[in-house]
Amino acid sequence: MSTAILVINCGSSSIKYALVSSGQEQRIHGLAENLNSEHARIKGITVGGEPLELSIPNANHEQALDILLKRLGQYQPQAIGHRVVHGGTLTKAERLTPEIVQRIKDATPLAPLHNPAHLIGIEATMRLFPNLPQVAVFDTAFHQTMPEHAYRYAVPKFLYTDHNVRRYGFHGTSHAYVSSHKKGGWLSAHLGNGSSTCAIYNGKSVDTSMGLTPHEGIVMGTRSGDVDPSLHSFLAYNLGWDIYKIDKMLTHQSGLYGLSNNLSNDMRTLIEASQQGNDDATLAIEVFCYRLAKSLSALSCSLPTLDGLIFTGGIGENSAYIREKMLTYLHHFSFKLDQQKNNELPRGTQGQIDAGQGPEIWVIPTDEEGRIAQETHQIALMDI
Ligand code: AMP
């Protein structure tokens, strides 16, 4: 690894990390989890491809990062790239300066669970490695090219001007990565535990399904996606629920999990259960596919031409069944799936699965870490 970038994604009690070589051909990756508890540990893969498991009782983010970096030995990074969910109105990845750190803090009300955790990681790495260039790569930045008619909500103007209430969009690194070599109009479906769709024209996001928060849009593992905005007042008036209970239900107990009557948020489990005759699982899959098709249809009106569709994320990359089922709902588009190519595409590989007529259909495994490393390299190391 001649030049390597350390990519970090900090959660409130975890750090996902990857050391990516400049040609992206080598990776060391893993997860420090249960931080600040006696069960804190690091699980990962070493540069030799060996599994690594290390108990680090009561370690905090900074201690875990310190241990990790010491274990990398000769493979020390030349720069650090931080995944940051919400960049507010920042339009691209930025080198970390006190001003950019402040902008990330300012965006905290828009991502109250994510940004504070990212800031813990940023502050820890800045203390540990004050001489390494560090870059923040934002999930929201790719969508800053959306036109105003796509990002404004139909609510009183002052909520936008005084309180930044607008649509931001998320999964930007993934949508950007999978569409990076595509010309013309493309729809991208990132389908994982969190899921979103995006319309991209000549490499620029023109609309997306997620909004102010990563909750808007299509059905996800445990998130409801779009609901009637009056559901909140319905539950408050009729069931006496407060906003925290409603939020928790919509975030953690809904989506595939809620639809399947708490069977699972995992698509594999639902497909198996459906095949064994579980009606709730069958309905959850049907709603997921229908709402996905509906979202893609709606986004298509933002594109002057429709040249293709990309599937990515754990479900999009691995489930030929979901890809085929979803496409049966897109009647009015001339997509033609090649069933054999769809069914036989090896896991984890990129491939074109249309029958050669109509818009193209691709499966492209996402690589958010690789994209973050690439952007970090461009910003941090071009002037070294
Ligand atoms: P991600 O959040 O991108 O890691 O994706 C996680 C989702 O991908 C889970 O719902 C998994 O069940 C789903 N997934 C992974 N492999 C498959 C598969 N072979 N078939 C269906 N879903 C899958």
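Order of appearance sets the numbers: ligands from 1, and atoms from 1 within every ligand.
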Please state whether R347 comes within less than 4.0 angstrom of ligand 1, counting heavy atoms only. yes
Pick, from G314, G316, G194, the option with the minimum heavy-atom distance to atom 8 (O) of ligand 1. G314
Shortest protein heavy-atom distance from atom 13 (C) of ligand 1, along with the residue and atom involved: I315 CG1, 3.5 Å
Those atoms of ligand 1 less than 4.0 Å from some heavy atom in G192: 1 (P), 2 (O), 3 (O), 5 (O)
On the 0 to 90° scale, with breaks at 30° and 60°, tag the F335-F333 ring pair as parallel, tilted or perpendicular. tilted
Side chains of H190 and S174 only: does a donor on one sit below 3.5 Å from an acceptor on the other? yes
Do N278 and Q276 pair up side chain to side chain, a donor and an acceptor below 3.5 Å, judged on atom types alone? no
In the protein, what heavy atom is nearest to atom 21 (C) of ligand 1, and what distance, to one decimal place, separates them? S319 CB, 3.5 Å
Verify whether the ring centers belonging to F170 and H86 lie closer than 6.0 Å. yes
Residue Y153 excluded, over 12 heavy atoms near OH under 6.0 Å: yes
Name the closest protein heavy atom to atom 11 (C) of ligand 1, giving the residue it belongs to and the distance to 0.1 Å. D266 OD1, 3.5 Å
So which heavy atom in the protein is nearest atom 22 (N) of ligand 1, and how far is it from that ligand atom? M267 CB, 3.6 Å
Between S209 and S295: side-chain donor-acceptor atoms closer than 3.5 Å: no
Please write down residue, atom name and distance for the protein heavy atom closest to atom 23 (C) of ligand 1. R268 CG, 3.7 Å
Any atoms of ligand 1 less than 4.0 Å from a non-hydrogen atom of N193? List them with their elements. 1 (P), 2 (O), 5 (O), 6 (C)
Decide whether Q339 and N343 meet the rule of one side-chain donor and one side-chain acceptor closer than 3.5 Å. no
